[in-house]
Amino acid sequence: MARTREALLLLLDVSPSMHSVLPDVEKLCSRLIQKKLIYGKNHEVGVILFGTEETENELTKEVGGYEHVKVLQDIKVVDGHLVQSLKHLPQGTCAGDFLDAIVVGVDMLIKKYGETYKGKKHLCLITDALCPLKDPDVGTKEDQVSTIARQMVAFGLRMKNIVVRASLSGEPHMRVIIENDNLLNIFSKKSSAKTLFVDSTTSLRGARKTRDISPVTIFRGDLELSEKMKIKVWVYKKTGEEKFPTLKKYSDKAPSTDKFATHEVKVDYEYKSVEDPSKVVPPEQRIKGYRYGPQVVPISSAEWEAVKFKPEKSVKLLGFTDASNILRHYYMKDVNLFIAEPGNSRATVAVSALARAMKEMNKVAIVRCVWRQGQQSVVVGVLTPNVSEKINIPDSFYFNVLPFAEDVREFQFPSFSKFPVSWQPNEQQQEAADNLVKMLDLAPSGKGEILQPELTPNPALERFYHHLELKSEHQDAAPPPLDDSLKKITEPDPTLLAESQSAIDAFCGQFVIKENPKLKKSTRRFLREKPSGSDEPNGDGSVSDAQAVNSMESKPVVTVDKIGDLTPIQDFEAMMSRRDCPDWVDKAIEDMKNKIFGLLENSNEGINYPKAVELLVALRKGCILEQEPKQFNDVLEKVCKICRKRNFSTFFDFLMSKKLSLISKSEAVDSDITDDEAGSFIVKSQPKHED
Amino acid sequence: MELDPDDVFRDDDEESDNEFYQEHEATKEYVVYLVDASPKMFSTTCPAEDQTDETHFHIAVSCIAQSLKTQIINRLYDEVAICFFNTRKKKNLQDLNGVFVFNVAEREQLDRPTARFIKEFDHIEESFEKEIGSQYGIVSGSRENSLYNALWVAQGLLRKGSSKTADKRILLFTNEDDPFGSIKGAAKNDMTRTTMQRAKDAQDLGISIELLPLSPPDEEFKVSHFYADMIGLEGDDLALFMPSAGQKLEDMKDQLRKRMFSKRIVKRISFIIANGLSIELNTYALIRPTVPGAITWLDSVTNHPLKTERSFICADTGALMQEPAKRFQPYKGENIKFSVQELSEIKRVSTGHLRLHGFKPLSYLKDYHNLRPSTFVFPSDKEVVGSTCIFIALHRSMLRLNRFAVAFYGNPSNPRLVALVAQDEIVRAGGQVEPPGMHMIYLPYSDDIRPLHSDTDAVPRASDDEVKKAAALMKRIDLKDFSVCQFANPSLQRHYAVLQALALEEDDMPEIKDETVPDEEGMARPGVVKAVEEFKLSVYGDNYDEEGDVKVSEASRKRKAATENAAKECANYDWADLADKGKLKEMTVQELKLYLMAHNLSTTGRKETLISRILTHMGK
């Protein structure tokens with residue numbers, strides 16, 4: 001399909017002033033190509049370098065001039081070699097004339113595609129725009145830029161300019177900079193070019209979206225203010241999380257000699273009756289059951305069809321309200337953008353009027369949306385104004401989904417003022433905090449914003465693609481560490497910290513923290529720092545495990561030497577984990593056995609069954625842990641015998657529901673029970689129901 | 001288009017990240033609702049919203065009914081029992097006087113709520129006098145102590161399960177602040193002592209007792225008379241416990257509802273500020289989309305549950321295999337393999353903590369910097385003493401300076417930059433509307449933000465006059481007390497209503513009011529209509545034809561032409577005749593499609609599908 005075709009021409013400045021940022025330029029471009037290799041295999045890419053020692057381009061051959069512009073690669077379908085060649089860009093020795101490079105690039109694109117090509121054509125210029133441009137033969141530079149911009153519009157070329165200015169201060173060529181910036185501005189005005197100034201390598205890495213997703217509307221239709229007044233709008237997604245690529249499961253079954261092996265894995269699903277695992281039910285014979293409390297209510301899709309909630313596709317205004325009524329943290333999901341239908345000037349004016357009035361009066365609109373016909377849910381959300389300052393961008397609204405009553409959990413938290421005085425900061429502490437909040441400023445006036453979301457790449461994804469590339473060279477490559485530019489996302493920037501060192505020191509000096517002395521050693525984990533990227537299993541993922549283990553460890557403080565009535569399971573666990581004498585394990589199992597049999601003997605109308613099963617589960621776990629399968633299997637068999645004798649059939653149901661069975665060989669090596677035997681155990685021992 | 005009911009509530013492109021949304025609900029809850037049914041509960045009333053009076057008993061019962069309905073949906077495995085005390089009749093295992101355990105058939109006394117349980121409890125008030133009856137259980141001269149009995153019964157009900165795996169609670173509803181007020185002398189002391197001991201015994205077994213006091217508008221429920229000791233209130237807590245007297249009823253109801261939920265901590269994290277200074281925070285999920293519970297596949301013949309078995313088959317050899325430990329990504333003509341460990345290692349770009357970067361003015365947090373529901377963080381001094389103090393200091397500074405903090409949250413499943421926005425406590429009429437703390441808002445990365453394509457031409461803007469008209473309209477359609485969560489999700493409500501009806505085998509489907517539709521009445525008010533008209537006139541002019549102004553796209557024009565053509569061609573056939581003679585099979589797909597297109601039907605599918613669709617349409 002033509003829509004998926006795309007041509008991209010990279011114009012990279014490699015002149016001496018760019019050398020310090022070249023590693024990041026290389027990474028940004030390789031990432032771009034890598035993603036094309038995965039998501040856009042037939043996209044075409046070319047690379048032009050400028051500021052190089054040598055000159056190599058068609059225009060210089062045809063008409064002369066255009067020195068120090070080198071075509072590194074002609075426009076062609078992306079391949080792995082391109083990633084390689086972008087990894088090590090040659091360092092140029094001459095001043096780079098970005099206008100020359102643009103002309104060469106535009107010429108290449110036009111020659112290659114002409115007007116008939118249906119796909120998108122992009123130019124991406126990365127430069128610091130610090131070198132003076134040559135004067136043209138005729139006319140001014142401004143005229144020249146205008147001419148190129150016209151050409152670009154005529155051939156539908158889009159351009160993105162990324163200007164890297166790590167440190168502007170003390171720059172001797174202020175005049176040059178102003179002139180160059182002015183020229184780039186003309187591009188933005190006269191064509192659909194965008195210019196972006198970035199001031200750190202981190203921002204540079206996020207400056208170009210590494211994957212182009214063509215915008216698709218999720219709704220086209222009326223924004224209904226009332227029955228009588230409607231505005232034609234289009235709704236796009238404004239944010240959407242970029243996920244890791246979905247990796248396929250790998251099968252190593254095919255012989256290594258098989259060159260055509262796909263190594264893919266097919267996942268097959270079979271539906272089996274819970275009661276009778278040998279019975280397979282074909283997919284079309286299934287029916288959906290919905291839980292309502294303990295009941296499962298079967299409802300066929302036809303039934304649902306008849307009764308389900310079927311709202312009409314529409315976007316309706318419910319009203320306006322003060323912006324302060326909608327707190328920021330209520331935004332639920334990714335964000336949409338409402339714009340007036342393109343080309344519909346009156347709708348544009350209507351949206352613009354509403355947006356401006358909303359901004360002026362600090363109001364927001366509450367709307368109810370059903371994006372598609374046939375959708376079975378509605379969303380209620382808030383429209384906030386997005387008033388544009390550029391004349392070629394229309395005013396619009398951002399749309400955020402708000403929660404329903406069911407989605408909000410109203411937990412109560414103590415007021416800060418109700419905390420004891422020792423928890424309240426005193427005046428000096430408060431001042432130190434104020435100072436810290438002021439000094440540790442990520443948006444200092446006069447400088448660019450640090451870690452602006454728009455310019456911050458996803459470090460985990462970056463790492464994945466880096467690793468992917470490394471693995472394509474060496475299958476066993478280890479995950480690479482984050483480079484410095486990415487580290488600035490996951491950790492605070494050392495230079496910024498150094499700048500506000502006094503405020504930080506003052507803050508840290510004002511507050512004292514200490515570990516809670518009442519807690520036992522084993523449960524402490526907070527003050528322990530772990531180095532980033534170490535192989536140590538991460539603390540957070542295993543919090544619950546750690547706690548579970550801790551509770552086991554901390555229990556024997558009061559030594560337990562018999563299983564009581566109140567907390568038999570805990571007592572059992574405590575005894576099993578006593579390490580002072582190996583006999584405890586046997587005693588614990590013995591005690592537990594007696595307890596279980598006692599419960600069954602004295603169980604009137606099955607009142608003790610759940611308890612007995614709980615104990616059995618605990619015993620089973622303990623026996624697997626201690627590798628004593630026989631002990632448990634004997635108990636279970638005996639239990640079943642008793643039950644069969646007395647015809648306690650409900651007890652079997654309990655056993656079934658807990659999936660309790662013999663300990664098999666795969667769980668404990670000493671067991672002589674196979675998996676199959678274990679699986680069919682309950683079924684076999686169950687008394688036959690009299691039908 | 002065939003819609004899968006599974007997909008109804010799922011988002012278009014959202015594979016919900018289970019790890020993220022999942023709450024750690026390791027424990028379940030066992031709750032006994034202990035409701036005072038003394039005549040005082042029936043005689044004391046409070047003015048309700050609609051000017052009629054409601055009895056305290058009614059308030060208690062409706063609160064419970066409401067919470068049961070939420071519970072059956074949200075917390076499937078929690079178990080409840082409802083127990084009245086000060087009743088005429090008795091029904092309990094211990095056979096104690098004045099205590100009645102409400103239950104329905106096919107259900108244990110402490111069990112998961114069932115549809116029938118909820119339904120019958122909804123009607124409890126109608127049958128209460130007849131079936132259960134109300135009567136003071138503590139009278140002077142008798143040794144009976146219904147409160148003692150009630151606690152005993154409740155404790156008995158909660159005997160099941162270990163307190164390690166379940167959270168056991170007794171929620172006590174009463175409007176009597178001095179249950180032994182009618183007794184004098186030694187008997188009173190004695191009763192107080194034994195009741196306290198009973199409560200303490202229960203608490204020692206890990207059962208928490210919570211009091212939900214009801215008080216008439218002009219009187220205060222004095223916790224200090226008796227209950228303070230029982231539930232262990234002291235000093236400041238005591239003053240805090242009862243919201244000020246004379247408070248409106250609805251707030252109280254609200255409070256009751258809120259207290260019925262117990263808080264669950266999602267995660268404990270440490271917040272690294274600087275220089276190795278780090279504090280302890282707990283995170284809570286205050287806002288998460290509620291979805292209908294998971295479905296269970298059943299065999300449509302027997303209605304017995306099915307289990308799904310997954311098997312992995314090697315596509316090359318057809319061999320059955322274990323779940324593969326490796327994943328691969330085709331890249332540069334090769335299959336690049338990753339082990340699961342490697343993938344999680346890649347995502348671990350930071351320790352699992354929250355690391356402070358710095359602060360920015362609130363205006364830098366744009367409306368589109370959002371991806372998923374926020375997470376609430378609140379300090380804790382449990383492990384690191386001093387955390388709360390530091391947190392409060394930062395919280396105040398951020399509020400005062402209008403700044404938010406930017407931090408990196410190294411959550412191992414999805415590491416992200418987050419904004420921490422300080423939220424001051426908001427208290428309205430004695431109830432907490434917004435808790436104090438910080439909300440963690442997940443920020444998008446550059447690749448998560450979609451670019452906006454701009455035109456080169458200038459676009460029209462609204463004039464001042466048009467903006468003024470819009471402002472006038474806004475003043476008219478103003479939702480004054482809009483609260484974010486005032487709407488129930490109509491689709492979810494419908495889902496549950498249908499389920500409940502089917503579960504109880506009711507014949508007619510209940511109608512659910514969709515609260516989210518615009519207020520038609522309000523919109524029809526002359527002032528509003530006029531404001532809308534004026535705004536419309538100012539931006540659209542006199543003769544705006546909504547359809548006419550639109551450029552019809554190429555594709556839709558083609559489609560329209562094709563339909564018209566089909567309608568013409570279609571008339572050349574005698575469809576009814578062809579169908580009767582069974583000759584549709586002999587026609588070409590193209591011909592069949594003419595009929596479908598002319599009648600606005602779908603033209604997808606195989607030939608047989610098309611024919612059956614035509615026949616259905618003709619009613620044959």
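The sequence lines fix the lettering, A, B, ..., with proteins before strands; numbering per chain opens at 1. Everything quoted here is computed from the prediction, not taken from an experiment.
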Carefully, step by step, assess A:Val281 and B:Trp297 under the rule side chain to side chain contact (heavy atoms under 4.5 Å, CB included). CA-CA 11 Å; A:Val281 176; B:Trp297 284 106; over 6 Å; no

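- In this structure, chain A has heavy atoms under 4.5 Å from both the backbone and the side chain of B:Ile287.
- The contact between B:Phe535 and chain A is made entirely by side chain atoms (from C-beta outward), counting heavy-atom distances below 4.5 Å.
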Taking it one step at a time, do B:Leu479 and A:Asn325 satisfy side chain to side chain contact (heavy atoms under 4.5 Å, CB included)? CA-CA 10 Å; B:Leu479 307 170; A:Asn325 276 344; over 6 Å; no

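- Ranking B:Leu443, B:Leu277, B:Val421, B:Thr516 against chain A, the residue ahead of the rest is B:Thr516, based on heavy-atom pairs under 4.5 Å.
- Your options are B:Ser374, B:Ser387, B:Gly386, and the one with the most heavy-atom pairs under 4.5 Å with chain A is B:Ser374.
- Heavy atoms of A:Tyr269 lying under 4.5 Å from chain B belong to its backbone as well as its side chain.
- For chain A, the nearby parts of B:Arg327 are the backbone and the side chain; heavy atoms of each come within less than 4.5 Å.
- Judged by the 6.0 Å distance and 45° axis criteria, B:Arg403 is not positioned over the aromatic ring of B:Phe359.
- Using a 4.5 Å cut-off between heavy atoms, A:Ile299 touches chain B through its side chain atoms alone.
- In this structure, chain A has a heavy atom under 4.5 Å from the side chain of B:Leu417, while its backbone stays farther away.
- The choice from A:Asp441, A:Val378, A:Ile450 that makes the most heavy-atom pairs within less than 4.5 Å of chain B is A:Asp441.
- Here A:Thr456 is the residue among A:Val408, A:Thr384, A:Thr456, A:Val297 with the most heavy-atom pairs under 4.5 Å with chain B.
- The parts of B:Arg310 that come within reach of chain A are both its backbone and its side chain, each placing non-hydrogen atoms under 4.5 angstrom from that chain.
- In this structure, the portion of B:Met523 lying under 4.5 Å from any heavy atom of chain A is its side chain and not its backbone.
- Only the side chain of A:Lys363 comes within contact range of chain B, with heavy atoms under 4.5 Å apart.
- Of the residues considered (A:Ile326, A:Leu451, A:Leu455), A:Leu451 shows the highest number of contacts with chain B, using heavy-atom pairs under 4.5 Å.
- When heavy atoms are compared at a cutoff of 4.5 Å, B:Val498 approaches chain A solely by way of its side chain, counted from C-beta outward.
- Taking chain A as the reference chain and counting heavy-atom pairs below 4.5 Å, the highest number among B:Leu499, B:Leu502, B:Val539, B:Asp448 is found for B:Asp448.
- Proximity to chain A involves both the backbone and the side chain of B:Phe328, based on heavy atoms less than 4.5 angstrom apart.
- When each of A:Asp407, A:Val335, A:Leu440 is checked for heavy-atom pairs under 4.5 Å with chain B, A:Asp407 comes out on top.
- Considering only heavy-atom pairs separated by less than 4.5 Å from chain A, the leading option among B:Leu394, B:Asp299, B:Ile441 is B:Asp299.
- Contact check on B:Glu466 versus B:Lys469 returns no salt bridge, with no Lys/Arg side-chain nitrogen under 4.0 Å from an Asp/Glu carboxylate oxygen.
- For chain B, the nearby parts of A:Leu317 are the backbone and the side chain; heavy atoms of each come within less than 4.5 Å.
- Here A:Gly289 is the residue among A:Ser226, A:Ala433, A:Gly289 with the most heavy-atom pairs under 4.5 Å with chain B.
- Looking at A:Asp395, the atoms closer than 4.5 Å to chain B (heavy atoms on both sides) sit in the backbone and in the side chain alike.
- Of the two parts of A:Val267, the backbone and the side chain both hold a non-hydrogen atom closer than 4.5 Å to a non-hydrogen atom of chain B.
- Taking the side chain as every heavy atom from C-beta outward, B:Phe482 and A:Leu402 approach each other to under 4.5 Å.
- Proximity to chain B (any heavy atom under 4.5 Å) is shown, for A:Phe464, by both the backbone and the side chain.
- Note on B:Val532, B:Thr114, B:Asp381: by heavy-atom pairs under 4.5 Å with chain A, the leading option is B:Asp381.
- The cationic atom of A:Lys238 (NZ for Lys, CZ for Arg) lies less than 6.0 Å from the six-membered ring centre of B:Tyr368 and within 45° of the ring axis.
- The closest donor-acceptor contact from the side chain of B:Arg355 to the backbone of A:Glu491 lies at 3.5 Å or more, if one exists at all.
- Looking at A:Glu270 and A:Asp268, their side chains never come closer than 4.5 Å, going by heavy atoms from C-beta outward.
- Heavy-atom distances place both the backbone and the side chain of A:Ser472 under 4.5 Å from chain B.
- Aromatic ring pairs are classed by plane angle as parallel below 30°, tilted from 30° to 60° and perpendicular above 60°; the pair A:Phe413 and B:Tyr284 is perpendicular.
- Only the side chain of B:Leu401 comes within contact range of chain A, with heavy atoms under 4.5 Å apart.
- Using a 4.5 Å cut-off between heavy atoms, A:Gln475 touches chain B through its side chain atoms alone.
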Apply side chain to side chain donor-acceptor pair (under 3.5 Å) to B:Glu345 and A:His467, showing your working. CA-CA 11 Å; B:Glu345 173 62 27; A:His467 194 197; over 6 Å; no

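- Interface residue B:Pro361: only side-chain heavy atoms are found under 4.5 Å from chain A.
- Considering only heavy atoms from C-beta on, A:Glu449 stays 4.5 Å or farther from A:Glu454 through its side chain.
- Only the backbone of A:Val512 comes within less than 4.5 Å of a heavy atom in chain B; its side chain stays farther off.
- Using a 4.5 Å cut-off between heavy atoms, A:Ile489 touches chain B through backbone and side chain atoms alike.
- Counting heavy-atom pairs closer than 4.5 Å to chain B, the top residue among A:Tyr331, A:Phe416, A:Tyr398 is A:Phe416.
- Heavy atoms closer than 4.5 Å to chain B are found in both the backbone and the side chain of A:Arg356.
- Within the 4.5 Å cutoff, the side chain of B:Leu286 has heavy atoms near those of the B:Pro435 side chain.
- Under a cut-off of 6.0 angstrom, the local environment of NZ in B:Lys326 is sparse, with at most 12 non-hydrogen atoms contributed by other residues, nucleotides or ligands.
- Counting heavy-atom pairs closer than 4.5 Å to chain A, the top-ranked of the candidates B:Lys360, B:Lys347, B:Met398, B:Glu425 is B:Lys360.
- Proximity to chain B (any heavy atom under 4.5 Å) is restricted, for A:Leu37, to the side chain, taken from C-beta onward.
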